[in-house]
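Everything numeric here is computed off the predicted structure, so don't read it as measured data. Chain A is the first sequence line, chain B the second, and so forth, proteins listed ahead of strands; every chain is numbered from 1.
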There are 2 protein chains.
Amino acid sequence: MFVNSCILNDAYRMFFGTLANESRLIIVNTLRKKPLNVSEICEMTGFEQSMVSHNLKTLEYHGMVFVEKKGKYRYYKVNEKTIQPLLKLIDDHMKEYCCKIAKGER
Amino acid sequence: MFVNSCILNDAYRMFFGTLANESRLIIVNTLRKKPLNVSEICEMTGFEQSMVSHNLKTLEYHGMVFVEKKGKYRYYKVNEKTIQPLLKLIDDHMKEYCCKIAKGER
DNA sequence: TATATATATGATGTGCGATTCATATGTTTG
DNA sequence: CAAACATATGAATCGCACATCATATATATA
């Protein structure tokens, strides 16, 4: 029981940790609009290719994005079922409790 | 516009970063049951007092917990409005996409 | 099959956040 | 007002996650 809750906490920690990164947040937000392959993500974000691949791997491992092979391209899309509504919820939280942060104040 | 989205991404990063920590997750989960003062949190978690205070400060800054002074005690409670349903959403995500992580597999 | 293109993977140095220790501040009670 | 209790804060060390660079793998096309 205690062991299980530790493992569970760790899963949560990793889940949040996955989104606690500016690059990955930008990538996810880019993918929210439509599925893109790696090169397209690089173009749109200005990020380097290997960095994007590393981060996509993390996102995929945590079920936040899915990948689909098309020829030599790999198209990534965001998990519509859970991540999209989750981000929506956090939008609301932000507006109400983190406005000073969202505005860049400290 | 681009500046704003950067700041917004940063707010999101900090939000997730706040929960991407085992100690804080344990503290939040402890508080989900009922409001507690710092000493009580220390007792229940086995954590050191200063560590708990540091982490509570972070949690409070991000609107995840609220504090109420009662004499020499400070009672902390979790944000029922946003954090509670958010954790519920993530429960669902975990069950479906992170079962291997939740089970401790790699 | 050789070359180009697309993507993934491995190794490494580094900055940042977390814990810990020490101490300060605030509050109550004798 | 002094002593005890409750909590906050500052400083410092340390581990880990991230970006980067170099390279490997996979696929397409000439």
Side-chain angles (χ1 to χ4, degrees), chain A residues 6 9-31 35-62 64-78 98 101 106, chain B residues 6-7 9-31 35-62 64-77 98 101 106:
Chain A
C6 280
N9 273 321
D10 207 48
Y12 273 74
R13 184 186 58 75
M14 286 191 284
F15 175 88
F16 288 117
T18 301
L19 291 175
N21 175 277
E22 186 128 25
S23 310
R24 284 193 288 270
L25 281 171
I26 291 174
I27 291 172
V28 166
N29 277 323
T30 306
L31 291 178
L36 297 169
N37 64 48
V38 179
S39 304
E40 288 169 332
I41 297 172
C42 290
E43 272 177 45
M44 299 194 64
T45 58
F47 294 155
E48 191 206 4
Q49 180 268 316
S50 71
M51 186 259 244
V52 170
S53 280
H54 277 299
N55 284 325
L56 283 171
K57 191 182 180 183
T58 303
L59 288 168
E60 192 195 358
Y61 179 71
H62 289 89
M64 294 173 186
V65 303
F66 303 128
V67 65
E68 190 180 350
K69 282 181 73 172
K70 275 185 188 169
K72 61 176 173 176
Y73 302 100
R74 305 190 95 218
Y75 280 83
Y76 285 87
K77 64 176 172 187
V78 77
C98 297
I101 304 170
R106 297 296 136 93
Chain B
C6 281
I7 289 169
N9 273 321
D10 207 47
Y12 273 74
R13 184 186 58 75
M14 287 190 284
F15 175 89
F16 289 116
T18 300
L19 292 176
N21 174 277
E22 187 128 25
S23 309
R24 285 194 289 270
L25 281 171
I26 290 173
I27 291 171
V28 166
N29 276 323
T30 306
L31 290 177
L36 297 169
N37 64 48
V38 180
S39 304
E40 289 170 331
I41 298 172
C42 290
E43 273 177 43
M44 298 194 64
T45 59
F47 294 156
E48 192 204 4
Q49 181 268 317
S50 72
M51 187 258 243
V52 170
S53 280
H54 278 299
N55 284 326
L56 283 171
K57 190 181 181 184
T58 304
L59 288 168
E60 190 194 359
Y61 179 71
H62 289 89
M64 295 172 187
V65 303
F66 302 129
V67 65
E68 189 180 350
K69 280 180 73 172
K70 277 186 186 167
K72 61 177 172 177
Y73 302 100
R74 305 190 96 219
Y75 279 84
Y76 285 88
K77 64 177 173 185
C98 297
I101 303 168
R106 297 297 135 91

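A/N55 pairs by the side-chain hydrogen bond (donor to acceptor under 3.5 Å, both in side chains) definition with A/R24, not counting sequence neighbours. Among residues two or more places apart in sequence or in another chain, the side chain to side chain contact (heavy atoms under 4.5 Å, CB included) test is passed with B/E48 by B/S50, B/M51. In this structure, the ring pair (Phe, Tyr, Trp, His ring centres under 6.0 Å) partners of A/F66, at least two apart in sequence or on a different chain, are B/Y97. With sequence neighbours left out, A/E43 forms a side chain to side chain contact (heavy atoms under 4.5 Å, CB included) with no residue at all. Residues forming a side-chain hydrogen bond (donor to acceptor under 3.5 Å, both in side chains) with A/T18 (at least two apart in sequence, or on another chain): A/H62. Taking the side-chain hydrogen bond (donor to acceptor under 3.5 Å, both in side chains) definition, one finds that B/Y75 meets it with B/N37, sequence neighbours left out. A/S53 meets the side-chain hydrogen bond (donor to acceptor under 3.5 Å, both in side chains) test with A/Q49; sequence neighbours excluded.
A/Y61 places its OH atom 17 Å from the C1' atom of C/dT9, with the value rounded to the nearest Å.
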Protein-proximity profile, nucleotides 12-26 of chain C, B/S/- by nucleotide at the 4.0 Å heavy-atom cutoff, equals ------SSBBB----

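The shortest side-chain heavy-atom distance between A/L56 and A/I41 falls under the 4.5 Å cut-off. With a 4.5 Å cut-off on side-chain heavy atoms, A/Y76 and A/V38 count as touching.
Across all their heavy atoms, B/N21 and A/R13 have their closest contact at N-CG, 3.7 Å.
Using a 4.0 Å heavy-atom cutoff across all strands shown, A/Y76 reaches sugar-phosphate atoms only and no base atom. Nucleic acid contact for B/F47: none, since no nucleic acid atom lies under 4.0 Å from a heavy atom of the residue.
Nucleotide C/dG30 forms a pair with D/dC1, judged by Watson-Crick or G-U wobble geometry with both contacts under 3.5 Å.
Using a 4.0 Å cutoff to heavy atoms of chain B, the contacted part of DNA chain D runs 5' to 3' from D/dC5 to D/dG10.
Near DNA chain C, meaning a heavy atom under 4.0 Å from it, residues 38-46 of chain A has A/V38, A/S39 in order of number.
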